[in-house]
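Hydrogens, waters and symmetry mates are skipped; everything else that's a heavy atom, side chains included, is used.
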Amino acid sequence: MMPKAVECVVLDGNGKEMKKYMLNDVITATGARVVDNNLVVADYRNAKLAMFNKETGAAGAVMKDMRLCCGILDFNVNAKKEILVANLGAFRVQGFDFTGKKILSFGQRGKTVNDFHGCCNPVSVTSLSNGAIVTVEKDPTRIKIYSKEGAKQIAGIEELVKGCSYIPMIVDGKDNLYLASAEKGIVNCVSVN
(Lines give C-alpha, C1' and ligand atoms only; values in the text may rest on other atoms or scores of the structure.)
Protein backbone atom coordinates (compact mmCIF):
# COMPACT_ATOMS: atom_id res chain seq x y z
CA MET A 1 0.00 0.00 0.00
CA MET A 2 1.32 3.42 -0.96
CA PRO A 3 -0.09 6.63 0.51
CA LYS A 4 -1.79 8.91 -2.01
CA ALA A 5 -2.96 11.86 0.10
CA VAL A 6 -3.17 13.25 3.63
CA GLU A 7 -6.30 14.40 5.42
CA CYS A 8 -6.18 16.65 8.51
CA VAL A 9 -8.89 15.91 11.06
CA VAL A 10 -9.47 18.42 13.91
CA LEU A 11 -11.01 17.00 17.08
CA ASP A 12 -12.34 18.75 20.18
CA GLY A 13 -11.29 17.82 23.73
CA ASN A 14 -13.81 14.97 23.78
CA GLY A 15 -12.61 13.43 20.52
CA LYS A 16 -15.54 14.71 18.47
CA GLU A 17 -14.67 15.70 14.92
CA MET A 18 -14.92 19.46 14.42
CA LYS A 19 -13.66 19.67 10.83
CA LYS A 20 -11.45 18.00 8.29
CA TYR A 21 -9.68 19.00 5.11
CA MET A 22 -7.19 17.62 2.61
CA LEU A 23 -3.57 18.75 2.73
CA ASN A 24 -3.10 19.42 -0.98
CA ASP A 25 0.03 17.98 -2.60
CA VAL A 26 1.14 16.16 0.58
CA ILE A 27 1.58 12.40 0.19
CA THR A 28 3.14 11.32 3.50
CA ALA A 29 2.82 13.36 6.69
CA THR A 30 5.84 12.31 8.73
CA GLY A 31 5.76 15.22 11.18
CA ALA A 32 3.72 18.31 12.00
CA ARG A 33 3.81 21.41 14.19
CA VAL A 34 1.16 24.06 14.81
CA VAL A 35 2.43 27.62 15.30
CA ASP A 36 -0.09 30.44 15.59
CA ASN A 37 -2.48 29.93 12.67
CA ASN A 38 -0.04 27.75 10.70
CA LEU A 39 0.19 23.99 10.33
CA VAL A 40 3.68 22.96 9.16
CA VAL A 41 3.86 19.41 7.75
CA ALA A 42 6.89 17.32 6.79
CA ASP A 43 6.29 15.22 3.67
CA TYR A 44 9.12 12.68 3.39
CA ARG A 45 7.97 11.17 0.09
CA ASN A 46 7.88 14.58 -1.61
CA ALA A 47 11.10 15.77 0.14
CA LYS A 48 9.50 18.98 1.39
CA LEU A 49 7.85 20.89 4.20
CA ALA A 50 4.49 22.48 3.47
CA MET A 51 2.52 25.11 5.37
CA PHE A 52 -1.24 25.35 5.66
CA ASN A 53 -3.77 27.59 7.38
CA LYS A 54 -4.70 25.48 10.43
CA GLU A 55 -8.35 26.62 10.29
CA THR A 56 -9.10 26.25 6.58
CA GLY A 57 -6.36 24.02 5.17
CA ALA A 58 -5.44 26.68 2.59
CA ALA A 59 -1.96 25.97 1.22
CA GLY A 60 0.88 28.35 2.05
CA ALA A 61 4.65 28.30 1.64
CA VAL A 62 6.56 25.19 0.57
CA MET A 63 10.18 24.39 1.39
CA LYS A 64 11.36 21.93 -1.30
CA ASP A 65 14.33 19.88 -2.40
CA MET A 66 15.33 18.35 0.91
CA ARG A 67 18.00 15.65 0.51
CA LEU A 68 16.58 12.90 2.65
CA CYS A 69 17.88 9.59 3.92
CA CYS A 70 16.80 6.74 6.20
CA GLY A 71 13.11 7.76 6.15
CA ILE A 72 13.91 10.82 8.31
CA LEU A 73 12.74 14.43 7.86
CA ASP A 74 12.99 16.28 11.18
CA PHE A 75 12.22 19.93 11.78
CA ASN A 76 11.38 22.29 14.59
CA VAL A 77 10.13 25.85 14.98
CA ASN A 78 12.09 28.10 17.35
CA ALA A 79 10.93 31.03 19.51
CA LYS A 80 11.65 33.47 16.66
CA LYS A 81 9.26 31.42 14.50
CA GLU A 82 11.99 30.17 12.21
CA ILE A 83 11.59 26.69 10.78
CA LEU A 84 14.79 24.68 11.38
CA VAL A 85 15.28 21.57 9.23
CA ALA A 86 17.74 18.71 9.74
CA ASN A 87 18.53 18.19 6.04
CA LEU A 88 20.57 15.06 6.71
CA GLY A 89 21.24 13.95 3.13
CA ALA A 90 22.85 17.36 2.53
CA PHE A 91 24.77 17.25 5.85
CA ARG A 92 23.35 20.59 6.92
CA VAL A 93 20.84 22.51 8.98
CA GLN A 94 18.62 24.92 7.06
CA GLY A 95 16.33 27.63 8.37
CA PHE A 96 13.29 29.18 6.71
CA ASP A 97 10.83 31.92 7.57
CA PHE A 98 7.08 31.39 7.25
CA THR A 99 7.11 32.62 3.64
CA GLY A 100 9.45 29.73 2.75
CA LYS A 101 12.49 32.00 2.29
CA LYS A 102 15.80 30.40 3.30
CA ILE A 103 17.32 32.44 6.14
CA LEU A 104 20.19 30.23 7.28
CA SER A 105 22.20 27.21 6.25
CA PHE A 106 25.26 25.58 7.76
CA GLY A 107 27.09 22.27 7.83
CA GLN A 108 29.04 19.91 5.63
CA ARG A 109 30.20 16.32 5.69
CA GLY A 110 33.31 15.79 7.81
CA LYS A 111 34.72 14.72 11.15
CA THR A 112 35.38 17.99 13.03
CA VAL A 113 33.02 19.46 15.62
CA ASN A 114 31.72 21.87 12.95
CA ASP A 115 30.90 19.04 10.52
CA PHE A 116 28.36 16.22 10.35
CA HIS A 117 29.73 12.67 10.13
CA GLY A 118 28.55 9.30 8.81
CA CYS A 119 26.29 8.43 5.93
CA CYS A 120 23.72 11.16 6.64
CA ASN A 121 23.41 13.60 9.56
CA PRO A 122 22.06 15.46 11.54
CA VAL A 123 18.90 13.45 12.24
CA SER A 124 17.28 15.94 14.62
CA VAL A 125 17.38 19.67 15.32
CA THR A 126 15.96 22.04 17.93
CA SER A 127 16.95 25.31 19.60
CA LEU A 128 17.57 26.56 23.13
CA SER A 129 16.02 29.58 24.81
CA ASN A 130 19.13 31.69 24.02
CA GLY A 131 18.72 30.95 20.28
CA ALA A 132 21.53 28.37 20.04
CA ILE A 133 20.79 25.50 17.65
CA VAL A 134 21.16 21.91 18.89
CA THR A 135 21.71 18.94 16.56
CA VAL A 136 21.84 15.18 17.08
CA GLU A 137 23.86 12.81 14.91
CA LYS A 138 23.56 9.04 14.78
CA ASP A 139 26.09 6.22 14.80
CA PRO A 140 27.93 7.39 16.84
CA THR A 141 25.52 9.60 18.76
CA ARG A 142 26.77 13.20 18.92
CA ILE A 143 24.90 16.16 20.38
CA LYS A 144 26.25 19.57 19.38
CA ILE A 145 25.30 23.13 20.26
CA TYR A 146 25.87 25.85 17.65
CA SER A 147 25.95 29.38 19.08
CA LYS A 148 27.69 32.70 18.40
CA GLU A 149 30.70 31.26 20.25
CA GLY A 150 30.93 28.40 17.73
CA ALA A 151 30.16 24.68 17.85
CA LYS A 152 30.48 22.64 21.03
CA GLN A 153 29.97 18.88 21.43
CA ILE A 154 28.35 17.63 24.62
CA ALA A 155 30.66 14.97 26.08
CA GLY A 156 29.73 11.63 27.63
CA ILE A 157 26.62 10.85 25.58
CA GLU A 158 25.49 7.23 25.50
CA GLU A 159 25.27 5.56 22.09
CA LEU A 160 21.52 5.59 21.33
CA VAL A 161 21.19 3.82 17.95
CA LYS A 162 23.11 1.83 15.36
CA GLY A 163 22.82 2.45 11.63
CA CYS A 164 20.17 4.59 9.99
CA SER A 165 17.81 5.38 12.86
CA TYR A 166 15.96 8.50 13.92
CA ILE A 167 16.69 10.05 17.34
CA PRO A 168 13.75 12.35 18.19
CA MET A 169 14.71 15.31 20.38
CA ILE A 170 12.73 17.96 22.25
CA VAL A 171 13.78 20.70 24.66
CA ASP A 172 11.88 21.89 27.74
CA GLY A 173 11.60 25.41 29.22
CA LYS A 174 14.80 24.86 31.26
CA ASP A 175 16.86 23.88 28.19
CA ASN A 176 16.96 20.19 29.12
CA LEU A 177 17.13 17.96 26.04
CA TYR A 178 15.14 14.74 25.81
CA LEU A 179 16.31 12.17 23.26
CA ALA A 180 14.47 8.95 22.49
CA SER A 181 15.82 5.62 21.33
CA ALA A 182 13.21 3.15 20.09
CA GLU A 183 16.04 0.65 19.64
CA LYS A 184 16.91 0.73 23.36
CA GLY A 185 13.43 1.64 24.63
CA ILE A 186 14.72 4.65 26.58
CA VAL A 187 14.44 8.40 26.81
CA ASN A 188 17.63 10.23 27.89
CA CYS A 189 17.63 13.66 29.49
CA VAL A 190 20.66 15.86 28.93
CA SER A 191 21.07 19.15 30.81
CA VAL A 192 22.97 21.76 28.80
CA ASN A 193 23.18 24.42 31.53
Side-chain angles (χ1 to χ4, degrees), residues 30-31 33 35 40 42 44 47-49 63-98 100-193:
T30 54
R33 307 277 189 285
V35 181
V40 187
Y44 180 83
K48 70 179 183 179
L49 274 76
M63 290 130 280
K64 296 182 185 180
D65 302 323
M66 301 295 154
R67 290 185 49 204
L68 309 175
C69 182
C70 305
I72 301 167
L73 177 53
D74 184 69
F75 74 99
N76 209 319
V77 181
N78 66 18
K80 295 191 288 188
K81 297 182 182 169
E82 299 166 331
I83 301 165
L84 302 174
V85 182
N87 194 350
L88 66 160
F91 294 93
R92 65 181 59 252
V93 171
Q94 292 176 289
F96 300 88
D97 66 15
F98 277 20
K101 177 184 171 193
K102 189 185 298 184
I103 54 174
L104 70 90
S105 180
F106 67 88
Q108 64 183 16
R109 187 177 193 165
K111 295 185 181 192
T112 73
V113 71
N114 292 309
D115 302 326
F116 297 114
H117 68 266
C119 75
C120 46
N121 273 305
V123 294
S124 194
V125 64
T126 192
S127 60
L128 301 176
S129 59
N130 65 4
I133 295 174
V134 182
T135 63
V136 176
E137 296 170 68
K138 60 178 173 44
D139 202 15
T141 301
R142 291 199 314 180
I143 301 171
K144 297 187 292 188
I145 300 173
Y146 295 85
S147 67
K148 292 177 183 172
E149 290 78 40
K152 175 179 89 171
Q153 183 174 340
I154 297 175
I157 300 303
E158 174 186 351
E159 187 69 26
L160 293 174
V161 299
K162 284 287 182 198
C164 284
S165 295
Y166 178 46
I167 304 172
M169 174 179 55
I170 60 168
V171 62
D172 68 15
K174 295 181 181 177
D175 285 341
N176 294 309
L177 302 172
Y178 298 86
L179 299 101
S181 171
E183 190 173 293
K184 292 189 173 187
I186 61 171
V187 173
N188 279 358
C189 177
V190 177
S191 178
V192 295
N193 289 328

Quick one: [atom1] on [X] to [atom2] on [Y], what's the gap to the nearest 0.5 Å?
X: S129; Y: N78; atom1: OG; atom2: CG; value: 11.5 Å
X: I72; Y: C120; atom1: CD1; atom2: SG; value: 6.5 Å
X: C69; Y: Y44; atom1: SG; atom2: OH; value: 6.5 Å
X: L179; Y: I143; atom1: CG; atom2: CD1; value: 4.5 Å
X: T135; Y: N121; atom1: OG1; atom2: CG; value: 8.5 Å

Do you know which two heavy atoms are closest between [X] and [Y], and how far apart they sit?
X: G107; Y: F116; value: CA-CE1, 3.8 Å
X: I145; Y: A132; value: CG2-CB, 3.8 Å
X: Y146; Y: D115; value: OH-O, 4.2 Å
X: S127; Y: L84; value: CB-CD1, 4.0 Å
X: I133; Y: F106; value: CD1-CE2, 3.9 Å
X: F75; Y: A42; value: CE2-CB, 3.7 Å

For residues [X] and [Y], determine if any side-chain heavy atom of one lies less than 4.5 Å from a side-chain heavy atom of the other.
X: D139; Y: E159; answer: yes
X: P122; Y: V93; answer: yes
X: V134; Y: V192; answer: no

Mark yes or no for whether [X], through its side chain, and [Y], through its backbone, hold a donor-acceptor pair below 3.5 Å.
X: H117; Y: K138; result: yes
X: K102; Y: M63; result: no
X: K174; Y: S191; result: no
X: R33; Y: I83; result: no
X: T141; Y: L160; result: yes

Check against side-chain contact (heavy atoms from CB on, under 4.5 Å), V85 and L73 = CA-CA 8 Å; V85 182; L73 177 53; 4.1 Å; yes

Single hit among D172, N188, T126 for side chain to side chain donor-acceptor pair (under 3.5 Å) with Y178 | D172

Quick one: do V77 and F98 satisfy side-chain contact (heavy atoms from CB on, under 4.5 Å)? Show the steps, please.
-> CA-CA 10 Å; V77 181; F98 277 20; 4.1 Å; yes

Within a radius of less than 6.0 Å around NZ of K184, do more than 12 heavy atoms belonging to other residues, nucleotides or ligands occur?
->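 Correct, the count exceeds 12.
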
In this structure, which one of K111, R109, R142 forms a salt bridge (charged side-chain N to carboxylate O under 4.0 Å, His left out) with E137?
->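 Option passing the salt bridge (charged side-chain N to carboxylate O under 4.0 Å, His left out) with E137: R142.
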
Are C70 and V123 close enough, and set up right, to give a side-chain contact (heavy atoms from CB on, under 4.5 Å), and what steps lead you there?
-> CA-CA 9 Å; C70 305; V123 294; over 6 Å; no

The side chain to side chain contact (heavy atoms under 4.5 Å, CB included) partner of Q94 among N87, V125, L104 is N87

